[in-house]
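Data block below; observations after.
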2 protein chains.
Amino acid sequence: MAKRPATIIHVAEKARVSVKTVSRVLNNEPNVTPDLKERVLAAVEKLGYSPSKAARTMAGSRSYLLVAFNDRRLTLDNWRSERGNEWIDQMLYGAMLRCEQSGYHLMFELVDRESDQLEKQITAVLSSLQPDGVILTPPNCENPVVLGALKKRNIPFVRLNTPVRGQGPRVYMDDRAAARQATRHLLGLGHKRIGMIAGDYKFSSSIQRVETFVATMEAAGIAVPEAWVYQGDFTFEAGVAGANALLDLPEPPTAIMASNDQMALGVVSVAQARGIAVPGALSILSYDDSIGVRLSVPSLTAVRQPVARMAEKAADMLITASASGEKLTAGSQLLPFELMVRASTGPAPR
Amino acid sequence: MAKRPATIIHVAEKARVSVKTVSRVLNNEPNVTPDLKERVLAAVEKLGYSPSKAARTMAGSRSYLLVAFNDRRLTLDNWRSERGNEWIDQMLYGAMLRCEQSGYHLMFELVDRESDQLEKQITAVLSSLQPDGVILTPPNCENPVVLGALKKRNIPFVRLNTPVRGQGPRVYMDDRAAARQATRHLLGLGHKRIGMIAGDYKFSSSIQRVETFVATMEAAGIAVPEAWVYQGDFTFEAGVAGANALLDLPEPPTAIMASNDQMALGVVSVAQARGIAVPGALSILSYDDSIGVRLSVPSLTAVRQPVARMAEKAADMLITASASGEKLTAGSQLLPFELMVRASTGPAPR
DNA sequence: GACGGCGATGGGAGCGGTATCATTTAAGAG
DNA sequence: CTCTTAAATGATACCGCTCCCATCGCCGTC
C-alpha cells in the first residue's frame, strides 16, 4: 500500500531514454535535443518525480544543503526566556527563502562555543550532512576552532556580521559607523555622561562598539572612565545588572546604550523599577531592533541591522559558488544599517 | 588538501573487522563481542568518524530526518512584519532539541495552503527528502490534501494542536476548555457584551473557540448576536479591522477576545488610537501568550499554549516509532494550557 | 572519400551505508 | 567425541543518483 516514490529509472523507461539523459535534463546540462527534453519532462510530471536528495548527495559533488551554525547558549536562552528570537527568525527568513529558490535546504545547527568538544561537534555535522556551504553567525564566525575545522575540510562558508576581515568571505554591516552614529545621536541630545552595556567580548563586534563609543566620546572632548562601560553577556539579566551598576555610580549617566535588545530591555525594567523617567531622566538606546524594543514603553531608539538581507546574501553566495563549481571568492558584502530614532532617547536633563 | 571524511570502510580496516560489524556497533545491534565493540568505537573516535546521513538514507529504511510543514502565508507574514514568530520559535525549540537527542534532524518546510500545487509540493518534499516522520501544524494538520498525501505514502505524522480527532495521532491542548475558561474569566468580571475576533476558519480551533465562546455565553444567559463575532485571519490588520467593527456597534462590547496575539495587539492599538482605557473601558484577551502580548501596555491576559512541549512530544512520538520500526499508534496526547491573567482584563464598566 | 572533430546519447562504475544470507565459531546435548 | 544449534562475524547485493568514458552518427575539410 505504501506507494514507493518514482525513481530516475522509472522516468527513463517512461520517456524511453537512458538514465543519463534524464539526469542531463534534470540538471540543465547542454546537448540534449528539445524533443528528448520534452519527453523527459513530461514523464517527470506524470510520475510526480522528484530526485532523491540522498542519492544525489552520495553520487554527486553537491548535497543541496546549507548549514547555519548558531550559538547554542544564546539561542537556547532566547527560546527559554521566550523574549523572542528576532535575530534567528530573520536569519531563517532570509536564508531559507533563498535556499528554496534553488532547490536547496537549510539546516539549522546549534553549537556550544564553550564545549571542549566543539571541533568534534562541527566535524560530525560536516561529515554526516556534507553541506555545500555553511553560514556562520556570531560568535562562531570568529571562533578559530570553527573556522579551522571548516578550512581543513575545504567547505565554503560565509561569515555573518563580523568585523574581522581576512578570514574568508563575509556579509556584514558597518558596526563602527553604527556605534559612531548612535553615540553622536546621544551627544547631539546634549548627553555628557553616557554609559554602555557591552556584549560578550567573544563577539568582536561587542569590542568594536565599545571602542568606537569611547573614541567618539573622546573626539567630542569627553573621557570615558572605565566604570561607564559594563560588560554583559547579551542576556536580559546582564542588562539589569549593568543598569544597576551604572545607575549606582556617584554621578550616574544620563544615557545608556546597550549592545543588544535583551540588555536594553533590562535597562528599561530597572529604570521603571527605580522610577526613573525615560527619556526624561535617562535615555536608552539598543543595538537590535526587535519587537520587544519596538513595543517597549517607551519604544526604544535602536540600530537596525539588516539580518534577513545579510542571511539571504550569504545563502546566495554559497549557492552560486556551489552551482558554478567555482571556489567562493573571499569578497565581503557591506549592507546598510539604520538608526531608528524612537521615544527612548531625548535631550539630556539640564 | 580537502580532507575527505572517513568512511565506514576506514573504520572497519582500522578496527580489523568487517564493515557489517561496524554497522552493528553503530546501530546498537545485539550479538557483538564487547572486545570488538570496543575496537570499533576506538577506531570511530580516532578517525572522527560520523556516518553519512545520505548513505544511510539510501541504503536503509531510515533517514534520521523529520519534516515540519508550516503554513507559508502566516509564517511569511509574521517574518515580514517583524512582529515576532513565537509559535514557530517554540515549535523549533521543542522539536529540534528532541531530534538532536537521537541524532535526528528537523527540516522546516513552508507549504502554501491556497496553492493548487499543494499536493505536488508535499510529494516533492517527501520523495526528495524521504523523512521518517512529519510534524503538521495548523492549518495543515486539518488539510485533507496534506493528510491524504501523507497517508498515500504511508509516512508517519503527528498533528499539532488540532481538535480534529480520528485522522491519526496528535498532540493537542483542550481548546474548548481554554475558550470556556477565557469566557468565564470575562463573565466573572461582570462583562455582558463581549466581542470576539475569530481566526481564519481554515483553522478548526478557530471555529471551536467561537462555538465554545457562544455556548458559554448562552449558558450564562447571554445570547450572542452575530455582530459580536468578527472573522479575522490572524493578522494584526485583521485585529484592527475587527476592533473597529466591534467598537462601532451601537452598543459596543466592554470586552474583546482575539483568537491570537497579532489580532489582540491590533485591538490594543485601536483602543489606544481611540483613547479607550484598557481595561477601564475595554478588557482585552489573547489566545497566544507571546512576547508582544506580555510587553504590550497594558500586558495582556492570554491563554498560554504549550507549543514547545507539544512539538517535543510530537518529535518524540515520531522518533520512537521510527526507531522501533513499529507503526505509530493513533493515540492522542493532551497537554495542559494555562490562562495568564494580566493587566488587560478588569471589571466591566458599570 | 577518408578522416578528424564534435554533438548527442548510452553504459557502467562507484558513492557509503544497510539488509540479507552465508559462513565460521563456540557451547551444550547425547 | 561427534552432532546440533545458536551466537558471532563476514561477503555481497543493492539503494538512486552522478560522473567518466565509450559509442554513434553527421558534418566539414583537404
Side-chain angles (χ1 to χ4, degrees), chain A residues 2 4-40 43-44 47-65 103 124 126-130 132 322-323 325, chain B residues 2 4-40 43-44 47-65 103 124 126-130 132 322-323 325:
Chain A
R4 293 212 143 286
T7 76
I8 198 173
I9 297 183
H10 302 134
V11 176
E13 283 170 358
K14 188 161 199 96
R16 286 164 294 133
V17 297
S18 77
V19 168
K20 178 59 209 171
T21 300
V22 177
S23 177
R24 282 202 182 86
V25 172
L26 258 40
N27 293 294
N28 283 316
E29 287 173 27
N31 304 339
V32 181
T33 326
D35 171 42
L36 280 197
K37 184 163 185 173
E38 202 169 323
R39 257 158 57 197
V40 169
V44 165
L47 294 172
Y49 169 75
S50 189
S52 152
K53 231 117 198 162
R56 283 186 147 179
T57 304
M58 278 219 55
S61 50
R62 302 163 68 183
S63 63
Y64 300 87
L65 215 215
L126 296 183
S127 63
S128 76
L129 258 28
Q130 294 157 262
D132 288 344
S322 136
Chain B
R4 294 213 142 284
T7 76
I8 198 173
I9 295 182
H10 302 135
V11 176
E13 282 170 358
K14 187 161 200 97
R16 286 165 293 134
V17 297
S18 76
V19 168
K20 178 60 205 173
T21 300
V22 178
S23 178
R24 283 202 182 86
V25 173
L26 260 40
N27 293 293
N28 284 316
E29 286 174 27
N31 304 340
V32 181
T33 326
D35 171 42
L36 280 197
K37 183 163 185 172
E38 203 169 323
R39 258 158 58 199
V40 169
V44 166
L47 295 172
Y49 168 75
S50 189
S52 152
K53 232 119 198 160
R56 283 186 147 179
T57 305
M58 277 218 56
S61 50
R62 302 163 67 183
S63 63
Y64 299 87
L65 215 215
L126 296 182
S127 63
S128 76
L129 258 27
Q130 291 157 263
D132 288 345
S322 136

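Per chain, numbering begins at 1; letters A, B, ... match sequence-line order.
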Practice prompt. Send over the distance from Lys53(A) NZ to dC15(D) C1', rounded to a whole Å.
Written response: 18 Å
Worksheet item: Reckon Arg62(B) touches a base, only the sugar-phosphate, or nothing at all at heavy-atom distances under 4.0 Å?
Response: nothing
Item to complete: Measure from the side chain of Arg24(A), starting at C-beta and using heavy atoms only, and say which of dG17(C), dC21(C), dT9(C) lies closest.
Response: dT9(C)
Discussion item. Among dT9(C), dT18(C), dT18(D), which nucleotide has an atom closest to any side-chain atom of Ala59(A)?
Written reply: dT18(D)
Worksheet item: Near Glu38(A) CD, under 6.0 Å, is it more than 12 heavy atoms from other residues, nucleotides or ligands?
Response: no
Worksheet item: Is any side-chain N or O of Thr7(A) closer than 4.0 Å to OP1 or OP2 of dC15(D)?
Response: no
Discussion item. If you define the side chain from C-beta out and look only at heavy atoms, does anything of Lys53(A) sit under 4.5 Å from Lys53(B)?
Written reply: no
Practice prompt. Decide yes or no, distance alone: a donor-acceptor N/O pair under 3.5 angstrom between the base of dA19(C) and the side-chain of Lys20(B).
Written response: yes
Worksheet item: Just wondering, do Tyr64(A) and Arg56(A) contact through their side chains at under 4.5 Å, heavy atoms?
Response: yes
Worksheet item: So does Tyr64(B) get a side-chain nitrogen or oxygen closer than 4.0 Å to the phosphate oxygens (OP1/OP2) of dG17(C)?
Response: no
Worksheet item: Under 4.0 angstrom, heavy atoms only, what part of the nucleic acid is Leu36(A) near: base, sugar-phosphate, or nothing?
Response: sugar-phosphate
Item to complete: Starting at atom CD of Glu13(A), determine the distance to atom C1' of dG16(D), rounded to an integer number of angstrom.
Response: 13 Å
Practice prompt. Flag the pair Pro5(B) / Leu126(A) as yes when at least one side-chain heavy-atom distance between them is below 4.5 Å, and no otherwise.
Written response: no
Discussion item. Categorize Val19(A) for me: base, sugar-phosphate, or nothing, with a 4.0 angstrom heavy-atom threshold over every strand shown.
Written reply: base
Item to complete: Starting from C1' on dC19(D), measure out to CG on Leu26(A) and report it in whole angstrom.
Response: 15 Å
Worksheet entry | Side-chain N or O of Ser18(A) closer than 4.0 Å to phosphate OP1/OP2 of dG10(C) | yes
Discussion item. Between P on dG7(C) and CG on Asp35(A), what's the gap in Å once rounded to a whole number?
Written reply: 19 Å
Worksheet entry | Phosphate OP1/OP2 of dG7(C) contacted by Asn31(A) side-chain N/O (<4.0 Å) | no
Worksheet item: For Lys20(A), does the NZ atom sit with more than 12 other heavy atoms under 6.0 Å from it, leaving out its own atoms?
Response: yes
Worksheet entry | Nucleotide dA19(C), atom P - distance to CE of Met58(B) in whole Å | 13 Å
Worksheet item: Tyr49(B) has a side chain; which of dC21(D), dG17(C), dC15(D) sits nearest to it?
Response: dG17(C)
Practice prompt. Please work out if Ser61(B) contacts a base, only the sugar-phosphate, or nothing of the nucleic acid, heavy-atom cut-off 4.0 Å.
Written response: sugar-phosphate
Worksheet item: What does Ile9(B) touch in the nucleic acid at a heavy-atom separation under 4.0 angstrom: a base, only the sugar-phosphate, or nothing?
Response: nothing
Discussion item. Below the 4.0 Å mark, does dT18(C) have OP1 or OP2 next to a side-chain nitrogen or oxygen of Arg56(B)?
Written reply: yes
Fill in: Along DNA chain C (nearest heavy atom to each residue), the more 5'-positioned of Ala54(B) and Glu29(B)
Ala54(B)
Worksheet, complete the sentence: Whole-Å distance, Leu129(B) CG to dC15(D) P, equals 21 Å
Practice prompt. Consider the side chain of Asn27(B), meaning its heavy atoms from C-beta on, and name the nucleotide among dG16(C), dT18(C), dC17(D) that approaches it most closely.
Written response: dT18(C)
Worksheet item: Are Thr33(A) and dT9(C) close enough that a side-chain N or O sits under 4.0 Å from OP1 or OP2?
Response: yes
Discussion item. Does dG10(D) have its OP1 or OP2 closer than 4.0 Å to a side-chain nitrogen or oxygen of Thr21(B)?
Written reply: yes
Item to complete: Report the distance from atom CD of Gln130(B) to atom P of dG17(C), rounded to the nearest whole Å.
Response: 17 Å
Worksheet item: Where the side chain of Ser52(B) is concerned, which of dC21(D), dG17(C), dC17(D) is the nearest nucleotide?
Response: dG17(C)
Practice prompt. Compare side-chain N and O positions of Ser23(B) against OP1 and OP2 of dT18(C) and report whether any pair is under 4.0 Å apart.
Written response: yes
Worksheet entry | Minimum side-chain heavy-atom gap Thr21(A)-Leu36(A) below 4.5 Å | yes
Worksheet item: Val11(B) and side-chain contact (heavy atoms from CB on, under 4.5 Å): which partner among Val19(B), Val22(B), Val17(B)?
Response: Val22(B)
